[in-house]
Amino acid sequence: MPIQKPWIVRDYLKCSGCRLCEIACSLKHEGRIWPESSRIRVFMLVPGAEVPHVCTQCSDYPCVGVCPTKALSVDEKTGAVIVDEEKCIACGACIKACPGQVPHMHPEKNHIVICDLCGGEPECVKACSYGCIMMGTRSTSINYDLYSINPEELTKNIAINLYGEKGEELTK
Amino acid sequence: MTYGYTGKIAEVDLSISKISDLHINEKILKEYVGGRGLGVKILWDRLGSKWQTIDPLGPDNLLLALTGPLTGYIYGMRICCTGKSPLSNGIVGSTAAGEFPMELKCAGYDGIIVKGKSETPVYLLVTDDGVEIRDASKLWGLDGKNTIKEVNKEVRELLQKRKPNYGLWKEPALLYIGQAGENLVRNAAIMQKWTHACGYGGYGAVMGSKNLKALVAKGTGKLPDVYDQKMLTELIHKCWSTQFSNPQERNWGTASMGYSTGAQSSAEPVRNWQEEWHNKKSMGIVQYETRNWVKRFWSDYGCCKSCMKISVVKVGPLKGAITDSPDYELEAYCGTNLGIFDPDGVVYMSSLIDDVGMSGINSANTIGFAAELFQRGILTKEDFDGIEPRWGDPQAMTDLVKLIVERRGIGNILAEGTYRAAIEISKMKNVDALQYAIQYKGIEVGAHGIRTGSHFPYLGYALSVQGGDHTSIPRPPMSEARSAIGDSLVYCTISGPSGLRNIEWDFYKAVTGWDMNAEEWTNINGRRIIQIQRAVLLLGGPDLFWEPEIHDDNPPRWYIPLPSGPFKGSAPNRDQLMIERKDAYEAMGWDEKGIPTSTELKSLGLEDVDEALKKLRI
Ligand code: SF4
Ligand code: SF4
């Protein structure tokens with residue numbers, strides 16, 4: 001039996017906005033605290049409606065397919081998208097191809113950043129103490145592509161969930 | 001190499017639209033650290049010699065928003081605002097939690113200093129590319145929630161246009177004012193993320209006086225290099241795991257105190273401090289928790305505790321109000337202090353005060369003061385433009401908030417804060433309204449009474465250099481310097497995991513590489529800051545001056561024995577306190593008149609402060 005691939009389970013309504021996930025991610029990947037270099041970024045377009053934004057590993061990997069220099073590949077073990085920083089020309093094609101516009105540029109270097117699942121044991125999940133992001137394994141009966149979603153759309157939902165009509169007004 | 005600091009502060013003169021960088025040398029950083037300490041130093045250097053003539057709401061005043069060396073690295077981030085306070089005429093280190101300081105540091109700045117006055121409303125935008133002054137005429141008049149909404153939209157579009165390949169832009173972070181600050185209401189706050197206020201000090205009015213609607217920051221850079229990253233990472237994980245293993249601590253924040261501080265400690269403001277006890281179970285945490293909280297854990301960047309919650313009124317005539325927790329202070333001030341014992345009413349009141357951008361503690365103290373004058377018939381329905389501010393009526397109370405923010409009728413006088421309003425109303429009505437003003441040196445008092453003798457120290461506020469500010473209290477045998485640590489390293493002292501006392505100095509070592517400990521801070525660096533604050537408070541002006549003999553004292557009400565509750569009959573003995581005050585002066589290096597002595601000041605290297613105080617010693 002093949003080893004099951006990991007997936008970061010998301011329970012959006014539980015996000016506290018603490019951003020410990022961002023800190024943990026940048027400590028791991030950059031060795032320091034650097035919010036914008038984090039592969040998971042928490043959007044707070046409306047206070048209280050914080051949305052952690054991170055790759056879902058789509059079944060068809062549109063980002064990988066569209067990359068003109070083949071800088072993106074899929075890790076066999078984890079299913080994570082791996083960025084070849086040398087090959088990436090920072091054209092942004094993958095951002096446009098991603099249904100949720102998840103990837104973003106490294107704030108200093110000339111390449112894209114995408115969650116690599118830390119090789120299978122994501123640091124962000126260990127830092128989240130609210131059960132907003134948790135470790136799971138991918139099942140074949142669920143379509144994870146739905147989770148590649150624009151944070152503005154989620155913000156609207158969460159704001160309405162929390163604040164009702166006022167939430168709708170504030171996300172117009 | 002200075003670790004932990006970006007090494008530059010943006011300086012903006014709004015009168016001439018000039019933007020420049022200020023660099024602070026290492027010696028000053030070691031002595032004054034950041035936030036409150038550094039703010040005090042800069043204010044003293046620039047305005048000290050002419051302190052008494054500086055109008056806090058005039059163009060010569062400075063507004064400082066400073067981070068500190070620990071901001072961003074340690075749990076719980078804050079920004080510290082300072083300037084000459086329009087309430088105390090001294091300096092208050094006023095902090096609020098939120099993401100602004102993180103964005104500021106990531107954009108490459110340790111802080112911002114604003115001077116002068118813009119002709120038209122503006123906001124400042126700080127990005128990786130520097131500081132820009134931008135038009136805010138469309139934002140002027142907006143409440144907090146809409147200010148954030150509009151600025152987010154404008155700035156994200158702008159950044160997207162400037163760097164189209166970056167990917168999605170996150171929101172910028174704001175320090176902003178609501179209508180209260182625009183209208184120079186003296187206890188207007190500088191706000192962050194809807195509900196978080198730099199409340200004490202009245203710096204929202206200072207921003208308004210400069211025609212400055214907001215400071216907005218979005219940086220993409222890294223936090224500055226640190227001295228020992230390995231040690232820092234370990235400290236961070238230690239704090240996280242300590243906090244994670246104590247889930248109960250984060251469940252309620254200070255919100256659980258709204259009932260217990262009244263019922264048990266008997267130190268909560270009830271109807272403008274006429275009482276300090278109540279036994280209303282309707283104010284219990286379980287009520288808020290089950291009825292109003294839509295978000296149980298709400299954190300600011302890097303906070304592992306999340307003492308904040310978000311509350312909403314779901315039904316009834318007050319429906320739609322949104323605020324944070326309310327935490328203890330606002331449960332007390334927007335609740336019991338106004339005779340409101342119903343969570344929906346408290347959330348409603350707190351929500352409006354957030355939206356117009358006032359300090360919930362200070363402005364609700366003024367409202368309670370006004371309501372008591374109404375109760376006593378000193379102010380009437382006519383004075384209030386038809387409003388009848390009866391205890392327990394949230395709608396009438398919020399109408400009064402609007403009267404103040406719009407400066408209509410008596411609102412125009414109340415907008416000057418409790419102390420100044422009391423003086424004015426005393427003249428107007430030929431009464432002694434000061435006996436109903438519960439404040440210290442112009443700063444309305446925090447929601448912690450002293451009369452039981454066991455909650456807050458008897459002389460805590462009276463000797464504080466920040467007046468009624470409950471976060472800056474000298475607690476014998478330690479000086480107030482101890483309270484100023486968090487405001488100068490600039491982090492949230494509430495969010496620290498319990499059981500890790502003094503860990504801030506380990507963080508300080510890991511980040512800056514410099515050594516400091518609590519004792520050294522209390523006796524030297526922190527003490528130096530307190531002495532300067534004491535000096536400017538005594539210099540005061542231009543509209544009011546404090547005399548230690550009179551004003552280093554509690555409001556008259558707090559010598560009246562508590563009328564109810566388990567501590568019924570308790571009150572401090574004033575004669576005894578006056579003797580203790582003498583000892584406290586001595587311990588602080590102040591003479592018998594309460595003025596810092598030459599010896600004390602010179603031992604701290606404050607010769608110029610000594611010089612300036614000479615005229616007060618005669
Ligand atoms: S660590 Fe969890 S709760 Fe905190 S911001 Fe990230 S996803 Fe949200
Ligand atoms: S979520 Fe976006 S970045 Fe992740 S695999 Fe799908 S397209 Fe690629």
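Letters go in sequence order (proteins before strands), and every chain restarts at 1.
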Residue [X] versus chain B: region with a heavy atom under 4.5 Å:
X: A:V102; answer: neither
X: A:C15; answer: backbone
X: A:K172; answer: both
X: A:C91; answer: backbone
X: A:S37; answer: neither
X: A:P103; answer: backbone
X: A:A90; answer: backbone

Options B:M102, B:R156, B:R296, B:K145, ranked by heavy-atom pairs under 4.5 Å with chain A, top entry: B:R156
Most heavy-atom pairs under 4.5 angstrom with chain A, which of B:G219, B:P164, B:S241, B:G221? B:G221
I'd like to know if the side chain of [X] reaches the main chain of [Y], judged simply by a donor and an acceptor atom lying under 3.5 Å from each other, with no hydrogens or angles considered.
X: B:K149; Y: A:E169; result: yes
X: B:K222; Y: A:W34; result: no
X: A:Q101; Y: B:L168; result: no
X: B:N165; Y: A:G92; result: no

From CA spacing to verdict: side chain to side chain contact (heavy atoms under 4.5 Å, CB included), B:R250, A:Y130: CA-CA 11 Å; B:R250 48 163 67 174; A:Y130 296 98; 3.2 Å; yes
Give, for atom [atom1] of [X] and atom [atom2] of [Y], the distance between the pair rounded to the nearest 0.5 Å.
X: A:C18; Y: B:F297; atom1: SG; atom2: CZ; result: 11.5 Å
X: A:L27; Y: B:H237; atom1: CG; atom2: NE2; result: 6.5 Å
X: A:L45; Y: B:I148; atom1: CG; atom2: CD1; result: 11.5 Å
X: B:W298; Y: A:S16; atom1: CH2; atom2: OG; result: 11.0 Å
X: A:I23; Y: B:Y75; atom1: CD1; atom2: OH; result: 13.5 Å
X: A:E36; Y: B:K170; atom1: CD; atom2: NZ; result: 5.5 Å

Could you tell me which portion of [X] (side chain, backbone, both or neither) has an atom closer than 4.5 angstrom to a non-hydrogen atom of chain A?
X: B:K309; answer: neither
X: B:Y301; answer: both
X: B:K319; answer: neither

Inspect the surroundings of OH in B:Y227 and state if more than 12 heavy atoms from other residues, nucleotides or ligands are less than 6.0 Å away. no
Can you tell if the side chain of [X] reaches within under 4.5 Å of the side chain of [Y], non-hydrogen atoms only?
X: B:C106; Y: A:P35; answer: yes
X: A:L20; Y: B:C304; answer: yes
X: B:Y166; Y: A:I95; answer: no

Which of the residues [options] is involved in the greatest number of heavy-atom pairs with chain B at under 4.5 angstrom?
options: A:C94, A:P47, A:P107; value: A:P47
options: A:S26, A:A24, A:A127, A:A93; value: A:A127
options: A:H104, A:K166, A:E22, A:M44; value: A:M44

Can the ring centres of A:Y163 and B:W194 be said to be less than 6.0 Å apart? yes
For B:K193, all residues meeting salt bridge (charged side-chain N to carboxylate O under 4.0 Å, His left out), sequence neighbours excluded: B:E99, B:D300
Reference residue A:R32; test side chain to side chain contact (heavy atoms under 4.5 Å, CB included); the match among B:D225, B:L232, B:L223: B:D225
